[in-house]
Amino acid sequence: MLGLGAGNLEADMNRLIAVLFHQGVLDEQFIQLRQLQDDSSPNFVYEVVTIYFRESEKLLRNLRALLTDRECTDYMKMGIHLNQMMGSSSSIGAKSVRNVCAAFRTASDHSNWIGCIRSLEVLEHEYCYLKNKLHEFLQIDQQMMIVAGVRYHPLLQQ
């Protein structure tokens with residue numbers, strides 16, 4: 001049974017996830033990701049999300065760099081980066097980021113530089129929102145682990 005503090009934290013987490021689902025930010029894949037976390041890998045979601053952030057930020061920098069010169073834009077390379085971002089976003093359940101990547105990919109496939117610039121701006125906005133909300137999620141998750149760790153610490157049960 002969860003303590004009062006843990007119950008409040010769990011309610012906060014459930015509300016946050018519900019809002020992100022309702023907004024279309026996350027999808028069912030995020031729930032599946034959470035289900036992979038257990039006592040043998042208590043930091044699984046944190047580790048996966050941290051890797052996602054690190055790799056996504058590299059991809060965003062690469063996309064921005066590819067769009068710096070309108071005349072020399074490598075749309076094929078852009079498509080490769082967008083496919084990577086779509087794949088990693090799908091794997092963690094980042095629905096809104098994945099969907100923006102798909103629209104961005106369409107602009108890239110048509111060598112539409114203005115469309116790509118606009119899509120990049122939307123992608124950076126959606127990514128930033130996702131990152132802020134997942135940081136909030138991870139903070140609540142960490143607080144829940146601290147509460148559970150204190151409550152169920154083996155030395156305290158003796």
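The basis for the numbers below is simple: all heavy atoms, side chains too, and nothing from hydrogens, waters or symmetry mates. What you see is a predicted model, and the numbers here were worked out from it, not measured in a lab.
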Can you list the residues that meet the side-chain hydrogen bond (donor to acceptor under 3.5 Å, both in side chains) rule with Ser88, with sequence neighbours excluded? none

Any chance you could measure Met145, atom CE, to Leu9, atom CG, to the nearest 0.5 Å? 12.0 Å

Output all residues satisfying side-chain hydrogen bond (donor to acceptor under 3.5 Å, both in side chains) with Arg61, sequence neighbours left out; order by chain, then residue number. none

Going only through I, L, V, M, F, W and Y residues with side-chain contacts under 4.5 Å, is there a path from Met144 to Val48? yes

Please enumerate all residues that pass side-chain contact (heavy atoms from CB on, under 4.5 Å) together with Gln142, with sequence neighbours excluded. Ile146

Nearest 0.5 Å, what's the OG1-CG distance between Thr50 and Asn43? 9.0 Å

Quick check: are there more than 12 heavy atoms from other residues, nucleotides or ligands sitting under 6.0 Å from OH of Tyr46? no

Cluster check Ile31, Ile92: I/L/V/M/F/W/Y, side chain < 4.5 angstrom: yes

How many angstroms lie between atom NE2 of His22 and atom CG of Leu20, to the nearest 0.5 angstrom? 11.0 Å

Any side-chain heavy atom of Arg105 within less than 4.5 Å of one from Asp109? yes

Just verifying a value: how many Å separate Gln29 CD and Ser90 OG, rounded to the nearest 0.5 Å? 8.0 Å

Taking the side chain as C-beta and beyond, is there a heavy-atom pair between Leu63 and Met78 under 4.5 Å? yes

Sole candidate of Val49, Asp38, Leu36 that passes side-chain contact (heavy atoms from CB on, under 4.5 Å) when paired with Phe44: Leu36

Is it the case that the side chain of Gln37 and the backbone of Val45 share a donor-acceptor pair, with hydrogens and angles ignored and the cut-off at 3.5 Å? yes

Going by side-chain hydrogen bond (donor to acceptor under 3.5 Å, both in side chains), name the residues that satisfy it together with Ser89, two or more places apart in sequence or in a different chain. Tyr52

Which residues pass the salt bridge (charged side-chain N to carboxylate O under 4.0 Å, His left out) test with Glu55, not counting sequence neighbours? Lys58

Taking the side chain as C-beta and beyond, is there a heavy-atom pair between Leu130 and Leu26 under 4.5 Å? yes

Taking only residues at least two apart or on different chains, which pairs with a member in residues 19-34 satisfy salt bridge (Lys or Arg N to Asp or Glu O under 4.0 Å)? Asp27-Arg98

Could you pull out the closest heavy-atom pair between Glu126 and Ser96, with the gap in Å? OE1-OG, 3.2 Å

Give every residue pair that meets the salt bridge (Lys or Arg N to Asp or Glu O under 4.0 Å) criterion with at least one member in residues 135-148, sequence neighbours excluded. Lys133-Glu136

All pairs passing ring pair (Phe, Tyr, Trp, His ring centres under 6.0 Å) where residues 117-144 contributes a residue, at least two apart: Phe30-Phe137, Phe53-His135

Going from SG on Cys101 to NE2 on His81, what distance comes out if it is rounded to the nearest 0.5 angstrom? 12.0 Å

Point-to-point distance, once rounded to the nearest 0.5 Å, from CD of Glu57 to CE of Met85: 9.0 Å

Please list every donor-acceptor pair under 3.5 Å in which a side-chain atom of residues 113-123 meets a protein atom from a residue at least two apart or in another chain.
| from | atom 1 | to | atom 2 | distance (Å) |
| --- | --- | --- | --- | --- |
| Trp113 | NE1 | Leu67 | O | 3.3 |
| Ser119 | OG | Gly115 | O | 2.8 |

Establish whether Val19 and Leu138 are linked, either directly or via other cluster members, by ILVMFWY side-chain heavy-atom contacts under 4.5 Å. no

Taking only residues two or more places apart in sequence or in another chain, which ones pass side-chain hydrogen bond (donor to acceptor under 3.5 Å, both in side chains) with Tyr75? none

With sequence neighbours excluded, give me every salt bridge (Lys or Arg N to Asp or Glu O under 4.0 Å) pair touching residues 80-90. none

Which pairs with one or both residues in residues 62-82 pass salt bridge (Lys or Arg N to Asp or Glu O under 4.0 Å), sequence neighbours excluded? Arg64-Glu124

